[in-house]
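Everything quoted here is computed from the prediction, not taken from an experiment.
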Amino acid sequence: MTISQDKVVAIHYTVTDSKGNQLDSSAGGEPLVFMFGQGALIPGLEQALAGKAAGDKFSSTIAAADAYGERHDQLVQAVPRSMFEGMDVAVGMRFRASGPDGREQPVIIIDVSEEEVVVDGNHPLAGFELQFDVEVIAVRDATEEELAHGHAHGIDGHAGH
């Protein structure tokens, strides 16, 4: 069985940046289990997985545009520190903020001064090319319940396995 729309897939992966620094890995832990074609993965990794089968091992270099996107300078902005009244803010803190369209988006504080706080709405890996080393562990049909819910319920099809 090959990976295609709505198949449940289990993979082990290691992801590194262009300098070879490991960013994340499932090695030594549970595999990543997801329903293919439901937006659970970055687009470039999903494209690289299409058509693969259990037992396949491969490496794929994914451009920033197909990973977490390019960096957008307009997502970095300084806001008055008074907006954080009563909060002890520090660089590295993450929270959700309302964007100009009213939708919430995650932001990280990247600078704090007496008068303002600089927040960045870019994903921390935006602008980075990523290298994935992947082993496909299992591919199966999704259950009716998983299809109804739009996500995998574990490697064997049961939530909380």
Side-chain angles (χ1 to χ4, degrees), residues 5-6 8-50 59-135 137 142 145-155 157-161:
Q5 184 66 40
D6 295 336
V8 173
V9 181
I11 63 171
H12 273 298
Y13 68 93
T14 297
V15 60
T16 55
D17 63 18
S18 60
K19 295 181 177 105
N21 299 309
Q22 183 174 305
L23 303 173
D24 194 13
S25 179
S26 65
E30 292 293 315
L32 174 64
V33 180
F34 59 93
M35 189 182 305
F36 188 82
Q38 296 294 322
L41 300 179
I42 59 173
L45 183 55
E46 193 156 275
Q47 291 165 7
L49 280 163
S59 293
S60 182
T61 300
I62 300 174
D66 293 324
Y68 292 96
E70 300 294 346
R71 283 194 57 78
H72 297 287
D73 291 339
Q74 67 269 27
L75 294 178
V76 177
Q77 57 183 235
V79 296
R81 187 166 180 151
S82 61
M83 290 181 70
F84 298 89
E85 193 71 41
M87 290 180 65
D88 187 20
V89 294
V91 171
M93 289 178 70
R94 298 173 188 270
F95 58 95
R96 299 188 68 76
S98 294
D101 59 3
R103 291 188 317 179
E104 284 196 349
Q105 74 178 60
V107 297
I108 185 169
I109 295 175
I110 60 172
D111 193 31
V112 178
S113 71
E114 292 279 330
E115 300 297 318
E116 58 189 22
V117 174
V118 180
V119 296
D120 186 348
N122 286 290
H123 186 282
L125 294 176
F128 287 93
E129 177 182 274
L130 302 175
Q131 174 72 38
F132 280 85
D133 293 308
V134 179
E135 178 181 4
I137 305 300
E145 185 178 34
E146 287 171 321
L147 289 169
H149 292 177
H151 61 263
H153 290 172
I155 198 162
H158 296 95
H161 60 101

Check: How many angstroms lie between CZ in Arg71 and CG in Asn122, if you round to the nearest 0.5 Å?
Finding: 4.0 Å
Check: Are any of the side-chain heavy atoms of Ile137 and His12 separated by less than 4.5 Å?
Finding: yes
Next item on the list: Would you name the heavy atoms of Ile62 and Gly44 that are closest together and state the gap between them?
Entry: CD1-C, 3.5 Å
Notebook entry, point to check: Side chains of Val76 and Val119: does their closest heavy-atom pair fall under 4.5 Å?
Noted result: no
Next item on the list: Would you check if Leu49 and Phe36 make a side-chain contact, meaning some heavy-atom pair closer than 4.5 Å?
Entry: yes
Next item on the list: Answer yes or no: is there a donor N or O on one side and an acceptor on the other, between the side chain of Gln5 and the main chain of Gly37, under 3.5 Å?
Entry: yes
Notebook entry, point to check: What do you reckon, is CD of Gln74 surrounded by more than 12 foreign heavy atoms closer than 6.0 Å?
Noted result: yes
Next item on the list: Could you tell me the separation between the CG atom of Asp120 and the CG atom of Asp111, rounded to the nearest 0.5 Å?
Entry: 11.5 Å
Checklist line | Under 3.5 Å: donor-acceptor pair, side chain of Ser26, backbone of Gly29 | finding: no
Note to self: Restricting to salt bridge (Lys or Arg N to Asp or Glu O under 4.0 Å), what partner residues turn up for Asp66, sequence neighbours left out?
What the structure shows: none
Next item on the list: For Asp17, check side-chain contact (heavy atoms from CB on, under 4.5 Å) against everything at least two apart and list the hits.
Entry: Lys19, Asn21, Leu23
Margin query: Can a donor-acceptor pair be found, under 3.5 Å and without considering hydrogens, that links the side chain of His123 to the backbone of Leu125?
Written below: yes
Notebook entry, point to check: Does the side chain of Gln38 pick up a donor-acceptor pair with the side chain of Asp6 at under 3.5 Å?
Noted result: yes
Checklist line | Phe95/Ile108 under side chain to side chain contact (heavy atoms under 4.5 Å, CB included): CA gap, chis, key distance, verdict | finding: CA-CA 7 Å; Phe95 58 95; Ile108 185 169; over 6 Å; no
Next item on the list: Please round to the nearest 0.5 Å and tell me the distance separating atom CD of Glu116 and atom OG of Ser113.
Entry: 4.5 Å
Notebook entry, point to check: Can you list the residues that meet the side-chain contact (heavy atoms from CB on, under 4.5 Å) rule with Arg81, with sequence neighbours excluded?
Noted result: Val89, Val112, Val117
Next item on the list: Measure the shortest side-chain to side-chain distance between Val33 and His153 over non-hydrogen atoms and say whether it is less than 4.5 angstrom.
Entry: no
Check: Which heavy atom in Pro31 sits nearest to a heavy atom in Ile155, and how many Å separate them?
Finding: CG-CD1, 4.1 Å
Item checked: side-chain hydrogen bond (donor to acceptor under 3.5 Å, both in side chains) partners for Tyr13, two or more places apart -> Asp24
Checklist line | No-hydrogen, no-angle side-chain donor-acceptor test under 3.5 Å, Gln131 and Thr16 | finding: no
Notebook entry, point to check: What closest approach, in Å, do Gly121 and Val107 show between heavy atoms, and which atom pair accounts for it?
Noted result: CA-CG1, 3.8 Å
Checklist line | Met83, CE: over 12 other non-hydrogen atoms inside 6.0 angstrom | finding: no
Margin query: Suppose we screen for side-chain contact (heavy atoms from CB on, under 4.5 Å). Which residues come up paired with Ala142, at least two apart in sequence or across chains?
Written below: Val8, Met35, Glu146, Leu147
Notebook entry, point to check: If you measure from CE on Met87 to CD1 on Ile109, what distance do you get to the nearest 0.5 Å?
Noted result: 6.5 Å
Margin query: For the backbone of Ser59 and the side chain of Asp133, can you confirm whether one donor and one acceptor N or O come within less than 3.5 Å of each other?
Written below: no
Notebook entry, point to check: Of the non-hydrogen atoms in Ala67 and Pro43, which two are nearest, and what is the gap between them?
Noted result: O-CD, 3.9 Å
Margin query: Tell me every residue that passes side-chain contact (heavy atoms from CB on, under 4.5 Å) with Ala40, counting only those two or more places apart in sequence or in another chain.
Written below: Phe34
Margin query: Does any part of the side chain of Thr61, heavy atoms only, come nearer than 4.5 Å to the side chain of Phe132, both counted from C-beta?
Written below: no
Notebook entry, point to check: Are more than 12 heavy atoms from other residues, nucleotides or ligands located less than 6.0 Å from atom CZ of Arg94?
Noted result: no
